[in-house]
**Q** 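Attaching a single structure in structure tokens format; questions to follow.
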Amino acid sequence: MTILKNDRYLKALLREPVDMTPVWMMRQAGRYLPEYKATRAEAGDFMSLCRNADLACEVTLQPLRRYDLDAAILFSDILTIPDAMGLGLSFGPGEGPKFTHSVETKSAVENLPIPDPEQELQYVMNAVRTIRRELKGEVPLIGFSGSPWTLSTYMVEGGSSKAFTKIKKMMYREPQLLHQLLDKVADSVILYLNAQIKAGAQAVMIFDTWGGALAHREYLDFSLQYMHKIVDGLIRENDGRKVPVTLFTKGGGLWLEAMANTGCDAVGLDWTVNLAQAKQLIGHKVALQGNMDPSVLYASPEYIQQEVKSILADFGHGTGHVFNLGHGIHQDVPVENPRVFVDAIHNFSKPYHK
């Protein structure tokens with residue numbers, strides 16, 4: 001087993017005792033850091049940054065040099081799988097992701113290949129291996145993927161969407177076609193995450209960014225069912241240690257019990273969920289990750305510290321809390337504020353772990 005100098009993140013996910021509440025931030029390697037912007041400029045564009053293992057490693061480590069974080073997360077993008085399926089991913093300046101080819105017909109779904117992670121996605125595995133080597137056991141490395149539903153929204157819509165018109169038409173008019181697509185994407189995600197684990201990821205997370213856009217039954221049928229399939233297919237122990245899996249649905253507060261029943265180790269919470277209520281509801285089954293509003297990082301240091309205290313008090317004593325933002329960090333937060341956030345969690349959480 002690789003020796004970890006700081007394993008409180010993994011312990012918290014498994015609801016084991018820790019000395020203080022661990023913390024990391026979604027999108028912690030990113031555009032709010034001036035050094036990230038410089039590295040991205042060096043790479044030329046976003047996907048070139050993702051495909052360069054040394055530069056992807058560099059931006060993964062940048063936030064760890066500034067802040068006392070308890071985990072690193074692989075620098076990549078959720079859309080690597082559809083890109084590897086041949087859909088032609090691009091990011092225009094100041095624009096969201098776009099695909100050259102969208103998936104809207106039966107033949108388009110049937111012709112989608114399932115990518116080999118060590119072939120079409122080898123650059124991701126190279127990044128994982130490089131990051132693990134350079135971390136030198138300081139903190140664990142998180143691997144991740146988008147959920148099948150979230151990935152499929154981009155694939156069917158051809159890019160970002162607010163109304164999800166095309167995929168919802170498919171869902172209600174041709175549900176079996178959408179199930180066929182989701183099943184194929186789920187198989188791809190299983191291979192992809194297992195390859196990340198074999199390459200060195202010590203925990204994995206599934207981001208269901210757009211699950212909250214679904215109606216109740218549709219969420220269970222078209223999103224959660226496929227995340228459950230992924231959980232069932234994942235490697236759960238590697239290098240002599242359990243590999244925890246976290247599910248996160250933005251806007252998923254209504255489905256916490258159903259998420260906890262998938263067999264995952266932790267459920268991510270956005271800022272609309274009350275942490276005390278979530279703990280009462282599912283804290284006996286899974287760890288909880290979250291859930292401060294990312295916009296709090298615009299506030300004064302005193303306000304940030306008070307919000308941290310309030311969230312820690314909501315969870316109270318006991319094991320199984322990973323502190324995080326309720327979604328990704330905003331790109332224009334003052335760079336000194338995450339340090340206030342991280343240090344406050346470590347300092348104020350110690351009494352809850354005695």
Side-chain angles (χ1 to χ4, degrees), residues 8-16 18 20-28 69-71 73 78 142 144-147 149-150 203-214 216 219-220 223-224 227-228 230-231 244-297 304 306-330 338 341-342 344-345 348-349 352:
R8 65 173 70 99
Y9 166 72
L10 296 179
K11 284 184 171 179
L13 287 181
L14 298 170
R15 292 182 293 144
E16 296 174 0
V18 290
M20 62 184 83
T21 302
V23 56
W24 66 280
M25 297 180 293
M26 288 190 264
R27 291 190 192 143
Q28 66 188 27
L69 296 158
D70 294 295
I73 183 165
I78 64 168
I142 306 165
F144 72 92
S145 172
S147 72
W149 164 257
T150 291
V204 292
M205 185 161 169
I206 301 168
F207 287 93
D208 186 31
T209 310
W210 301 122
L214 288 163
H216 176 70
Y219 173 78
L220 301 176
S223 182
L224 190 62
M227 290 196 285
H228 195 161
I230 293 164
V231 172
V245 55
T246 303
L247 299 187
F248 172 70
T249 293
K250 187 184 178 191
L254 294 171
W255 303 298
L256 297 182
E257 286 181 282
M259 292 170 74
N261 289 336
T262 60
C264 64
D265 298 287
V267 168
L269 310 172
D270 68 18
W271 62 90
T272 65
V273 176
N274 178 273
L275 190 57
Q277 292 174 350
K279 182 183 179 184
Q280 188 174 11
L281 194 64
I282 60 171
H284 61 292
K285 290 183 179 179
V286 292
L288 302 175
Q289 178 183 279
N291 62 332
M292 194 177 86
D293 183 346
S295 296
V296 172
L297 292 178
I304 294 169
Q306 187 54 53
E307 188 65 14
V308 166
K309 286 181 180 178
S310 296
I311 292 170
L312 287 169
D314 279 343
F315 189 87
H317 290 81
T319 60
H321 183 207
V322 172
F323 212 119
N324 206 313
L325 304 174
H327 201 236
I329 186 170
H330 299 316
F341 169 69
V342 170
I345 292 157
F348 299 138
S349 68
Y352 291 103

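Being a predicted model, the structure only gives us computed values, none of them experimental. Residues take their numbers from the sequence shown, with the count starting at 1. No hydrogens, no waters, no symmetry mates; every other heavy atom, side chains included, goes into these values.
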**Q** As a quick check of understanding, evaluate side-chain contact (heavy atoms from CB on, under 4.5 Å) for L288 and L269, giving each step before the final call.
**A** CA-CA 7 Å; L288 302 175; L269 310 172; 4.2 Å; yes
**Q** Could you pull out the closest heavy-atom pair between F315 and K279, with the gap in Å?
**A**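 Here F315 and K279 meet closest at O-NZ, 2.7 Å.
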**Q** Can you see which heavy atom on I78 is nearest to which on S145, and at what distance?
**A**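 Looking at all heavy atoms of both residues, the shortest contact is CG2-C, 4.4 Å.
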**Q** Do H327 and D270 touch side chain to side chain, with heavy atoms closer than 4.5 Å?
**A** no
**Q** Does some side-chain heavy atom of E307 sit less than 4.5 Å from a side-chain heavy atom of I311?
**A** yes
**Q** Work out which heavy atom in Y9 is nearest to a heavy atom in D70; give both atom names and the distance.
**A** CB-O, 3.6 Å
**Q** Can you list the steps and then say if V18 with T319 is a side-chain contact (heavy atoms from CB on, under 4.5 Å)?
**A** CA-CA 7 Å; V18 290; T319 60; over 6 Å; no
**Q** With rounding to the nearest 0.5 Å, note down the distance linking CG in L312 to OG in S349.
**A** 6.0 Å
**Q** Got a second to check how far F348's CZ is from Q306's CD, nearest 0.5 Å?
**A** 8.5 Å
**Q** Side-chain contact test, heavy atoms from C-beta onward, threshold under 4.5 Å: evaluate it for F248 versus M205 and give yes or no.
**A**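 Yes; the side chains approach each other to less than 4.5 Å.
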**Q** Determine, step by step, whether I73 and Q28 satisfy the side-chain contact (heavy atoms from CB on, under 4.5 Å) criterion, reporting the C-alpha distance in whole Å, the side-chain angles of both residues, the deciding distance to 0.1 Å, and the verdict.
**A** CA-CA 8 Å; I73 183 165; Q28 66 188 27; 4.1 Å; yes
**Q** Drop me the distance from I142's CD1 to M26's CE, to the nearest 0.5 angstrom.
**A** 10.0 Å
**Q** Would you check if T246 and V267 make a side-chain contact, meaning some heavy-atom pair closer than 4.5 Å?
**A** no
**Q** Begin with the C-alpha distance, continue with both residues' side-chain angles, and end with the deciding distance and a verdict on ring-ring contact (aromatic ring centres under 6.0 Å, His included) for F323 and F341.
**A** CA-CA 10 Å; F323 212 119; F341 169 69; 5.6 Å; yes
**Q** Scan the side chains in residues 249-261 for donor-acceptor partners under 3.5 Å anywhere in the protein, sequence neighbours excluded, and list what turns up.
**A**
unit_1 : atom_1 : unit_2 : atom_2 : d
T249   : OG1    : D208   : OD2    : 2.9
T249   : OG1    : Y219   : OH     : 2.9
W255   : NE1    : H216   : ND1    : 2.8
N261   : OD1    : K285   : NZ     : 2.4
N261   : ND2    : E257   : O      : 3.2

**Q** If you compare all heavy atoms of A287 against all heavy atoms of A12, which two are closest, and at what distance to 0.1 Å?
**A**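 Closest pair (atom of A287, atom of A12, distance): CB-O, 3.4 Å.
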**Q** For the side-chain contact (heavy atoms from CB on, under 4.5 Å) test, which of V286, L10, L14 pairs with D265?
**A** L14
**Q** What are the two closest heavy atoms between L13 and A203, and how far apart are they?
**A** CD1-CB, 4.3 Å
**Q** Could you tell me whether a side-chain N or O of R15 sits under 3.5 Å from a main-chain N or O of H284, the two making a donor and an acceptor?
**A**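 A pair under 3.5 Å: yes.
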**Q** Please assess N324 against V23 for the test side-chain contact (heavy atoms from CB on, under 4.5 Å), listing each intermediate value before the final yes or no.
**A** CA-CA 6 Å; N324 206 313; V23 56; 5.9 Å; no
**Q** A side-chain contact here means heavy atoms from C-beta on lying under 4.5 Å apart; do D293 and L325 qualify?
**A**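 No, every pair of side-chain atoms sits at 4.5 Å or beyond.
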**Q** Within the 4.5 Å heavy-atom criterion, are Y352 and H321 side-chain neighbours or not?
**A** no
**Q** Does any non-hydrogen side-chain atom of I206 lie less than 4.5 Å from one of I230?
**A** yes
**Q** Do you know the tightest heavy-atom contact between P294 and G326?
**A** CD-N, 4.2 Å
